[in-house]
K.L.:
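Questions regarding the structure given below will be posed in turn.
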Amino acid sequence: MTWYHPGMYDSTVPVASFWEDDAPPLGTGVDLGPNADETCDVVIIGGGYTGLSCAYHLARDFGADVRLLEAGPLGWGASGRNGGFCTLPPSGLSLDGLIARYGETEAKRFIASQVEAVALVRDLARDENIDLAPQGEGTLHVAHAPSRFAELAHERDLLTGTFGIAARLLPREEVAETHYDSTEQFGALHNPVGFGLHPLRFARGLAEAAARAGARLHGHSEVLEWERAGALHRLVTSSGTIRARRVVIATNGFTRETLHPVARDLIPVMSNIVVTRPLTADELAAQNWRTEIPCANTRRLLFYYRMLPDRRFLFGARGDLTGKPEDGAKMRRYMQRRLAEVFPAWAHVPATHYWRGFVCMTARLTPSIGCFPDDTSVFFALGYHGDGVSAAPWSGRLIAQLIGGKADLADIPAAFRGSPRHIPFPSLRRWYLRAALGYYRLTDL
């Protein structure tokens, strides 16, 4: 069961993103196409960052016999269509909220793991020669109203004093002079951890690295049936049956209840992106834009935005509870209107691309990594809350280490560890989300 339009899950439909137009094709022989009847040690469901990283590390570090099954082309889901923000943390909780729930020691462990996750992306790009088009050093968290600047000051104090991250607070005037100005810019916090990248280049490069390491990757291989058959799991696709001792669920916001009941405890949230035509030098100067650092504002229903290498502007926002094509058209008009209001000098600039997809949230507002208590041969890593570009590859590596015996469950930071929190009456998730979005709109004023 899902409340979103079936077209949101149709992997035969191209995403139509700017990334699809700009990325080089996947290397020959990487995607082996529909699977045949086979038996292996580990089968991974999901061909995004989590699954590809897990396959890569299992094959490279442990010599495991791995099959990966992806319903569409490799990288078709969130990994190939996100905004390209390699940032932290992957959580809906504030830093204060992390400390209050998990204690300072575990909160520090969680944040340190995600500093490591950003470094892992850089290391993968270097070691495997992945041209992911990195941009900017760090991220900017921008106050969208004067009252939010004090919140950024508190965030700075926590990052520097508690978590050891040398964040710097920038007043409005400095941001306007050195980065950009807009109608919703009232100062910013610079976090030195993070950068921008081309998400589909990264996904395809990671797939090529996994294939070189010996993992066998099968696109267009949607799992239609899954059952336990003695010591093995039996996964059926339209082209064949895979039997494996262990299974990894790496489908994040695209997890469906027909695959596994864990989907009932996930909350897929729509995220939307528009990309403009290339801006001229005069247009950039009109907003004093002079930064490649990825930006997100302090709204709960945030805007996130960055300048791409060819001077196209990427602008993203949450919204839409249906996934219907007509509601997507409304969302595109809304985003173009809001872009013009926030950056008025660009009101005449058309968007050349619009696309959308799912961010995955959990009721506890942190990701979930582990194995199911009732079947420890089934592993999962999902629920990145819109910050999976670094968290997902890191999580995939950790799952590989759990399977390979190099790590155990105690090595998972508490904020990540275990199954998603149960959602009462999961059929009401649309209404829970509708209520939350309404509350966020009110508090964003």
Side-chain angles (χ1 to χ4, degrees), residues 48-50 52-54 56-57 75 78-80 82-95 98 106-141 155-156 158-160 162-168 188-203 205-206 209 252 291-296 302 304-306 308 314 316 359-360 366-367 369 381-401 407 411-413 415-416:
Y49 298 145
T50 304
L52 292 169
S53 175
C54 187
Y56 168 77
H57 287 97
S79 296
N82 64 79
F85 285 58
C86 187
T87 59
L88 58 88
S91 171
L93 292 174
S94 66
L95 296 176
L98 285 167
E106 281 293 340
K108 290 169 72 172
R109 191 178 173 208
F110 174 73
I111 294 298
S113 76
Q114 296 314 288
V115 174
E116 179 184 289
V118 172
L120 174 63
V121 175
R122 292 190 188 274
D123 291 346
L124 287 168
R126 180 198 64 221
D127 296 345
E128 297 296 341
N129 196 30
I130 302 172
D131 179 15
L132 44 71
Q135 285 184 282
E137 291 294 332
T139 60
L140 284 180
H141 194 188
E155 185 180 351
R156 183 270 317 271
L158 281 174
L159 284 171
T160 57
T162 302
F163 297 102
I165 296 174
R168 191 166 71 91
L189 179 68
H190 178 252
N191 184 332
V193 180
F195 61 100
L197 55 74
H198 191 303
L200 191 55
R201 285 175 179 261
F202 180 36
L206 192 52
N252 205 39
T291 187
E292 289 194 330
I293 295 176
C295 307
L302 82 168
Y304 54 96
Y305 42 96
R306 51 182 287 231
L308 302 184
L314 179 150
V359 169
C360 187
T366 58
I369 301 176
L382 31 72
Y384 303 117
H385 294 80
D387 277 304
V389 173
S390 53
W394 181 89
S395 300
R397 183 182 68 174
L398 182 53
I399 291 292
Q401 292 170 344
D411 293 316
I412 306 173
F416 278 111

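The shown structure was predicted, so the numbers you read here are calculated from the model rather than taken from an experiment.
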K.L.:
Would you compute the distance between atom SG of C54 and atom CG of L206 and round it to the nearest 0.5 angstrom?
P.N.:
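Those atoms lie 11.0 Å apart.
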K.L.:
Are the side chains of L95 and T162 in contact, using a 4.5 Å heavy-atom criterion?
P.N.:
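Contact flag for T162/L95 side chains = no.
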K.L.:
Please name the pair of heavy atoms, one in L200 and one in G75, separated by the smallest distance, quoted to 0.1 Å.
P.N.:
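For L200 versus G75, the nearest heavy atoms are CD1-O, 4.1 Å.
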K.L.:
Going by the rule side-chain hydrogen bond (donor to acceptor under 3.5 Å, both in side chains), which residues pair with R201 if we only count those two or more places apart in sequence or in a different chain?
P.N.:
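Per chain and number, R201 pairs via side-chain hydrogen bond (donor to acceptor under 3.5 Å, both in side chains) with D131.
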K.L.:
What is the distance from atom CH2 of W394 to atom CD1 of I399, rounded to the nearest 0.5 Å?
P.N.:
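Going from CH2 on W394 over to CD1 on I399, the span is 9.5 Å.
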K.L.:
With rounding to the nearest 0.5 Å, note down the distance linking CG in N82 to CG in L197.
P.N.:
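The distance works out to 7.5 Å.
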K.L.:
Sorted by first residue and then second, give each salt bridge (charged side-chain N to carboxylate O under 4.0 Å, His left out) pair with at least one member in residues 388-399; sequence neighbours left out.
P.N.:
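Pairs touching residues 388-399 that pass the test: E116-R397.
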K.L.:
If you look at every heavy atom in L88 and V193, which pair is closest and at what distance?
P.N.:
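Smallest heavy-atom distance, with atoms named: CD2-CG1, 3.3 Å.
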K.L.:
Does D411 offer a backbone N or O that forms a donor-acceptor pair with the side chain of R109 under 3.5 Å?
P.N.:
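The answer is yes, because a donor-acceptor pair under 3.5 Å joins these two groups.
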K.L.:
How about N191 and T139: does a side-chain donor come under 3.5 Å of a side-chain acceptor?
P.N.:
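N191 vs T139: no donor-acceptor pair found between side chains.
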K.L.:
Is the shortest distance from a Lys or Arg side-chain nitrogen in R168 or E137 to a carboxylate oxygen in the other one below 4.0 Å?
P.N.:
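Salt bridge absent between R168 and E137.
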K.L.:
Nearest 0.5 Å please: distance from the SG atom of C86 over to the CZ atom of F195.
P.N.:
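Going from SG on C86 over to CZ on F195, the span is 4.0 Å.
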K.L.:
Is a donor on one side and an acceptor on the other found under 3.5 Å between the side chain of T366 and the backbone of F416?
P.N.:
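Looks like no, no N/O pair under 3.5 Å.
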K.L.:
Sub-3.5 Å donor-acceptor pair from the side chain of S79 to the main-chain atoms of G48, do we have one?
P.N.:
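Answer holds: no.
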K.L.:
Working to the nearest 0.5 Å, report the span between CG of L308 and CD of Q135.
P.N.:
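Atom-to-atom, L308:CG and Q135:CD are 6.0 Å apart.
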K.L.:
Atom OH of Y56 and atom OH of Y49: how far apart are they, to the nearest 0.5 Å?
P.N.:
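Between Y56 OH and Y49 OH, I get 16.0 Å after rounding to 0.5 Å.
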